Structure formats: structure tokens, C-alpha cells
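What follows is a set of notes on a single structure, which appears directly below.
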Amino acid sequence: MTPSRDKSKIVLVTGASSGIGAAAVRALTATGMTVHAAARRHDRLQALAAESGCIPHVLDVTDAPAVQALVAEIGTIDILVNNAGLGRGWGSLVEATYTDIEVTVSTNVTATIHMVQAVLPAMIAQKSGHVVNVGSMAGLYPLSSALYGATKGAMHRLSTNLRLELHGTGVRVTEICPGRIQTEFYQVAVDDDDARSAILDTGADEVTAAECADTIVYAVNAAPHININRIELQPTEQTYGGSQYVLRKTQP
Ligand code: NDP
């Protein structure tokens, strides 16, 4: 792993107990930075701390006072990796429950905004800092899931407009937009075994969480005068959008 440009940097990674977040913690600690790892599952965080040397924090990102308290406890945070997220109500908005909608919006959008707001004052005061938002290709292009895509679309606009609001402060903003990455995402998103198997069984050569985490390291390791605005990555064997037809004469 490439050493960090500045090993004194303090990082907070949310959603650190599995997938892309855990991989980001491993990759960022390997560069020599001090990494605080936050998620709800204590046992996972303990194991990650033993393995990587990160500092674990049990946190539900939808608990705004707890977010404020953690940011105050850590003190200055140089790099925030806003990664905690999920995709409940994945298959169909019509079939999504009230809770699916509430949990997905509050985790992916509201909590992300609270987290950014909590870290910014110290970053602006020190005239440097970096907010890395893990969005999705689903926030940029028609991919799948109306509900999930709506939340990641909101994260996309949050990222671009933050860049405008923070222009001149020295604080950088990067959006990482993955396509399919091998993680526990679909185990959490989809309850039905058959539907989940169908989604997971792509047969494609998928991107690993560690490979995705490398893009986060690349963005935060860029020279201070460079802002990596957005990185999109997905399996070569996957793409997005396209044009589809359902003929009226075949509709029931
Ligand atoms: P995982 O399910 O493996 O990881 C999700 C992480 O988010 C877990 O660590 C989980 O921790 C955490 N999390 C969820 N809810 C909360 C909460 N309320 N408070 C704190 N932490 C929470 O999935 P991924 O690694 O794939 O997901 C990471 C990000 O990447 C998400 O934002 C996702 O939308 C995005 N993404 C993933 C893609 C993929 O194909 N995998 C594609 C595009 C984007 P815990 O349950 O312990 O709290």
C-alpha cells in the first residue's frame, strides 16, 4: 500500500463493520493514518480493530446526537468517509414497507447530511479537510431500485453542491460511485431468498471491496491542490441505463 502523504491525518469511516467500509479501514490504516471506525456491530468492529489497529466506535449514524457526540469525542477529523448505507425496499417501491422507506432515506441521506454538518466547522477552521461520500452508480444512471436510486441521487447532489459551498475553504469533496461490489449489501437489502439469489447470481467477474477501497485511498492521497470530484467504478461485465421496450399489445 502506498504510504499516506501525511500520516498525521485523522480519519473517520462510517459503516466500517463490513464490505467497503471495513476494506477502507484496512487500506487507510495501512497507509499509516489514524482511523476511527464506526458502525453498530460491536463484535465486527473489535475484530477489525485487532486486525488493523483502527479505533472502534459503536454508532448508529441515524442517531444525530450520537453523531455529534462522537465527532466531539474524536476532535478534529481530517477525512470523513461517509460510507454507511443500505438498500431496503430494493425490488419495488410499490412493495416497500413504511419502515423500508424510512430506514433507507434516514441512513443514506439524513444521516449523511448530519455527519457532514458535524465535521465541517473544524475542517473549515483548519482550512483543510476531505469529505468522501460513497454514493452509487444508481445515483447517476438508471440502474435499479427507485428508492435506493433516489437516496443515492440525493447524495450525488449533496456532493456536487458541497463542493460549491466549500469552494475557497480548502476542504475537498469526493464522491465514490460504485457499481456492483462484492459485499453483504444484498444480504441486508433483500429478505426473500429466491430474489436475493437471483440478484447475486450475476456470473460476472465482480469488483471486491478492497478494490473499491483503493479508489478511496487514491482520492485522499491526491496532492492537496487536487480535488478528485468523482470516481465511478463497476465490473467490466456490468453496465448501466439502456433503452427498454414493453409493447402495449403485450400488456395485460
Ligand atoms: P455492507 O452491507 O457490507 O456494509 C454496510 C455498512 O453500513 C455496514 O458496516 C453497516 O454496519 C453500516 N450501516 C448500515 N446502517 C447503519 C447505521 N444506521 N449506523 C451505522 N452503520 C450502519 O454493504 P456495502 O459495503 O456494499 O455498502 C457500503 C456503501 O456502499 C453503502 O453506502 C452502499 O449503498 C454503497 N454501495 C454498495 C454497492 C455494492 O454493490 N455493494 C454499490 C454501490 C454503492 P452495521 O450494520 O454494523 O451498523
Side-chain angles (χ1 to χ4, degrees), residues 1 3-86 106-135 155 158-159 162-163 165-166 169-176 209 213 216-217 219-222 224 227:
M1 182 57 63
S4 163
R5 283 181 178 275
D6 184 351
K7 292 186 181 178
S8 66
K9 292 266 187 270
I10 310 290
V11 188
L12 172 60
V13 179
T14 69
S17 60
S18 70
I20 297 166
V25 169
R26 292 188 187 94
L28 291 165
T29 50
T31 70
M33 296 183 193
T34 300
V35 181
H36 294 263
R40 292 168 300 182
R41 284 172 291 178
H42 177 255
D43 52 339
R44 295 280 196 106
L45 292 175
Q46 288 299 328
L48 185 63
E51 174 196 339
S52 67
C54 73
I55 302 160
H57 300 275
V58 172
L59 175 74
D60 181 339
V61 293
T62 65
D63 180 347
V67 166
Q68 287 286 349
L70 177 62
V71 169
E73 180 191 329
I74 295 172
T76 301
I77 294 166
D78 300 299
I79 300 166
L80 168 67
V81 181
N82 243 330
N83 165 77
L86 39 70
S106 65
T107 308
N108 296 1
V109 183
T110 314
T112 300
I113 293 171
H114 282 144
M115 188 62 77
V116 173
Q117 191 192 33
V119 302
L120 279 183
M123 288 184 178
I124 292 168
Q126 70 175 14
K127 297 186 169 55
S128 71
H130 199 153
V131 174
V132 179
N133 290 327
V134 179
M155 272 187 90
L158 173 72
S159 301
L162 258 184
R163 182 87 179 94
E165 277 191 26
L166 295 171
T169 65
V171 179
R172 303 191 287 183
V173 182
T174 298
E175 183 186 14
I176 306 288
I216 297 173
V217 175
V220 303
N221 248 346
N227 191 100

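Keep in mind the model is a prediction, meaning the values are calculated, not measured.
In this structure, CD1 in I113 is found 5.5 Å from CG in L158, a value given to the nearest 0.5 Å. Residue N82 holds its CG atom at 12.0 Å from CD1 of I176, rounded to the nearest 0.5 Å. The line from CG of L12 to OG1 of T34 is 12.5 Å long, rounded to the nearest 0.5 Å. Taking CG of D63 as the start and OG of S106 as the end, the distance is 11.0 Å to the nearest 0.5 Å. Here the CE atom belonging to M123 is positioned 9.5 Å from the CG atom belonging to L166, to the nearest 0.5 angstrom. Here the OG1-CZ distance, from T31 to R26, works out to 15.0 Å after rounding to the nearest 0.5 Å.
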**Message:** Let's go through I74 and H57 carefully: what are the C-alpha distance in whole Å and the side-chain angles of both, what is the deciding distance for side-chain contact (heavy atoms from CB on, under 4.5 Å) to 0.1 Å, and is it a yes or a no?
**Reply:** CA-CA 10 Å; I74 295 172; H57 300 275; 4.3 Å; yes
**Worked verdict on V35 versus V81 for side-chain contact (heavy atoms from CB on, under 4.5 Å)** = CA-CA 10 Å; V35 181; V81 181; over 6 Å; no
**Request:** Determine, step by step, whether H36 and I77 satisfy the side-chain contact (heavy atoms from CB on, under 4.5 Å) criterion, reporting the C-alpha distance in whole Å, the side-chain angles of both residues, the deciding distance to 0.1 Å, and the verdict.
**Result:** CA-CA 9 Å; H36 294 263; I77 294 166; over 6 Å; no
**Asked** Does the side-chain contact (heavy atoms from CB on, under 4.5 Å) test come out yes or no for T110 and T62, once each step is laid out?
**Response** CA-CA 7 Å; T110 314; T62 65; over 6 Å; no
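Panel note: side chain D78, backbone S128; no donor-acceptor pair is recorded below 3.5 Å. A donor-acceptor pair is defined here as one N or O able to donate and one able to accept, closer than 3.5 Å; such a pair exists between the side chain of R172 and the backbone of A222. Looking only at distances, a side-chain donor or acceptor of T14 sits under 3.5 Å from a matching main-chain atom of N83. Within the 3.5 Å criterion, the main-chain N or O of T174 finds no donor-acceptor partner in the side chain of N227.
Residues L70 and E73 meet the side-chain proximity criterion, which asks for heavy atoms closer than 4.5 Å. Using a 4.5 Å cut-off on side-chain heavy atoms (C-beta onward), V220 and K9 make no contact. Residues N133 and V116 form a side-chain contact, since some pair of their non-hydrogen atoms from C-beta on lies under 4.5 Å apart. Using a 4.5 Å heavy-atom cutoff, the side chains of L120 and E165 are not in contact.
S17 and R44 are not linked by any side-chain donor-acceptor pair at a separation below 3.5 angstrom, with hydrogens and angles left out of the test.
Nearest heavy-atom pair across A39 and A16 is CB-N, 3.8 Å. The two atoms that bring A118 and V67 nearest to each other are CB-CG1, 4.2 Å, heavy atoms only. Nearest approach of A37 to V25, heavy atoms of both residues: CB-CG2, 3.9 Å. R40 and D60 get closest at one heavy-atom pair: CG-CA, 3.8 Å. Contact between T112 and T107 at its shortest, heavy atoms only, is OG1-O, 3.8 Å. Here the shortest heavy-atom pairing between A24 and V13 reads CB-CG1, 4.5 Å.
For Q117, the CD atom sits in a loose shell: 12 or fewer heavy atoms of surrounding residues, nucleotides or ligands are nearer than 6.0 Å.
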